[in-house]
Amino acid sequence: MRLFAAVLPPPEQLDELGHVVDRLHRLPGADRLRWTSRPGWHLTLAFMGEVDEELLPDLRVRLARAAHRTPSFPLRLHGGGHFGRRALWAGIAGDLDELRLLAERADAAARRAGVPMDEHRRYQAHLTVARARGDDADVHPFLDELGTFEGTRWEVGELALVRSNLPVSGVRGEQPRYEKVDGWPLEGPPGRPG
């Protein structure tokens, strides 16, 4: 199974972002981007790639432990940015320290369960809304509209394990489908004040 650990924003917050993305779709050059599917919007914490079935029981135990050690914390979708000319994303505000800690714990859980993880790099919270179709796409015209976006706050209360089902039809524009396969409540003691 192709898996990743994630935070799944609530539908209300995704609807707020969806209104902004609808406006982005109408801007010149929008056809040069491949827009991500709203049902799949998420904050990736740790991408695991293909995971052998026999690793799943230990992986689940370790992810549950990571969630149990982490308190719930506030986030909101906020502004946006880009990775080069390749990806356009909505940003995240709130308790980013706790989000990074949860990402580190999810990554460590996967490693300890025997999942071969890519080289560890600093976590950058984002929600991808579009990717360039080619090298001629320019994401900059979309940043002004996205940059002013201020979503409402929500309390992150769960660590999710998500399966990525890659497109198989060969139809241009087909999106991966994401399926939550498990989730664990965040139950840790409250962290720092504020």
Side-chain angles (χ1 to χ4, degrees), residues 2-49 73-104 106-107 117-156 160 162 164-178 180:
R2 190 175 171 86
L3 298 172
F4 58 90
V7 165
L8 304 176
E12 298 80 16
Q13 279 70 23
L14 295 179
D15 286 345
E16 292 172 348
L17 178 60
H19 294 305
V20 175
V21 171
D22 286 344
R23 292 195 301 269
L24 297 179
H25 283 211
R26 295 189 290 270
L27 294 177
D31 59 334
R32 291 192 196 104
L33 298 175
R34 189 176 71 245
W35 298 90
T36 57
S37 172
R38 287 184 199 183
W41 282 348
H42 61 272
L43 310 178
T44 300
L45 297 173
F47 180 75
M48 299 169 207
F73 56 92
L75 287 184
R76 65 186 170 88
L77 298 171
H78 163 77
H82 61 98
F83 295 127
R85 298 173 68 100
R86 304 296 303 163
L88 179 68
W89 44 262
I92 312 299
D95 194 341
L96 298 181
D97 288 340
E98 204 65 59
L99 181 62
R100 280 188 199 100
L101 181 59
L102 183 58
E104 289 171 9
D107 183 270
M117 302 291 286
D118 287 339
E119 181 181 319
H120 185 72
R121 57 192 132 156
R122 183 162 169 78
Y123 179 72
Q124 182 170 352
H126 68 282
L127 188 155
T128 303
V129 295
R131 291 183 181 84
R133 290 189 188 275
D135 292 333
D136 65 338
D138 183 9
V139 298
H140 289 93
F142 304 94
L143 292 175
D144 288 339
E145 185 80 29
L146 195 55
T148 61
F149 173 61
E150 294 286 341
T152 56
R153 179 182 178 272
W154 86 92
E155 197 73 15
V156 176
V162 180
S164 175
N165 299 294
L166 296 176
V168 294
S169 71
V171 174
R172 182 185 159 119
E174 183 182 10
Q175 299 283 328
R177 286 181 306 101
Y178 301 113
K180 179 180 154 189

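For this chain, numbers begin at 1 and follow the sequence in order. Any value given below was found using the heavy atoms of this structure, including those in side chains, with hydrogens, waters and symmetry copies removed.
- Screening Leu88, Val139, Leu143 for a side chain to side chain contact (heavy atoms under 4.5 Å, CB included) involving Leu24 leaves a single residue, Leu88.
- Counting heavy atoms from C-beta outward, Leu101 and Phe73 have side chains that stay 4.5 Å or more apart.
- Taken from NE2 in His42 to NZ in Lys180, the straight-line distance is 14.0 Å, to the nearest 0.5 Å.
- Pairing each heavy atom of Ala5 with each of Ala106, the nearest pair is CB-CB, 3.8 Å.
- Between Phe83 and Trp89, the ring planes lie tilted relative to each other; the angle falls in the 30° to 60° range.
- Formation of a donor-acceptor pair under 3.5 Å by the Arg38 side chain with backbone atoms of Gly18 is found in this model.
- Minimum interatomic distance between Ser164 and Phe4 (heavy atoms only, all atoms of both residues): CB-CE2, 4.1 Å.
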- prompt: Under the side chain to side chain contact (heavy atoms under 4.5 Å, CB included) criterion, do Glu150 and Glu16 qualify, and how do the steps go?
  reply: CA-CA 9 Å; Glu150 294 286 341; Glu16 292 172 348; over 6 Å; no

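- The structure places CZ of Arg23 at 13.5 Å from CZ of Phe142, a figure rounded to the nearest 0.5 Å.
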Decide side chain to side chain contact (heavy atoms under 4.5 Å, CB included) for Gln13 and Leu17; before the verdict, give the C-alpha distance in whole Å, the side-chain angles of both, and the deciding distance to 0.1 Å.
CA-CA 7 Å; Gln13 279 70 23; Leu17 178 60; over 6 Å; no

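- Taken to the nearest 0.5 Å, the CG atom of Leu8 stands 10.0 Å off from the CG atom of Leu127.
- When atom types are taken as modelled, the side chain of Thr36 and the backbone of Thr128 share a donor-acceptor pair closer than 3.5 angstrom.
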**Asked** Which is it for Val156 and Leu99 under the side chain to side chain contact (heavy atoms under 4.5 Å, CB included) test, yes or no, and what are the steps along the way?
**Response** CA-CA 9 Å; Val156 176; Leu99 181 62; 5.9 Å; no

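- Each of Val162, Asp107, Leu102 was checked for a side chain to side chain contact (heavy atoms under 4.5 Å, CB included) with Leu45, and the lone residue meeting it is Leu102.
- If you take OG1 on Thr152 and CD on Glu12, they are separated by 8.0 Å, rounding to the nearest 0.5 Å.
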Are Val7 and Trp154 close enough, and set up right, to give a side chain to side chain contact (heavy atoms under 4.5 Å, CB included), and what steps lead you there? CA-CA 12 Å; Val7 165; Trp154 86 92; 4.3 Å; yes

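- Here Arg76 contributes atom CZ and Glu155 contributes atom CD; the two are 14.0 Å apart, rounded to the nearest 0.5 Å.
- Expressed to the nearest 0.5 Å, how far CG of Leu77 lies from CZ of Arg153 amounts to 13.5 Å.
- Under the 30°/60° scheme for interplanar angles, the aromatic rings of His25 and Trp35 are found to be tilted.
- Scanning both residues, Arg26 and Asp22, for their nearest heavy atoms gives NH1-O, 3.5 Å.
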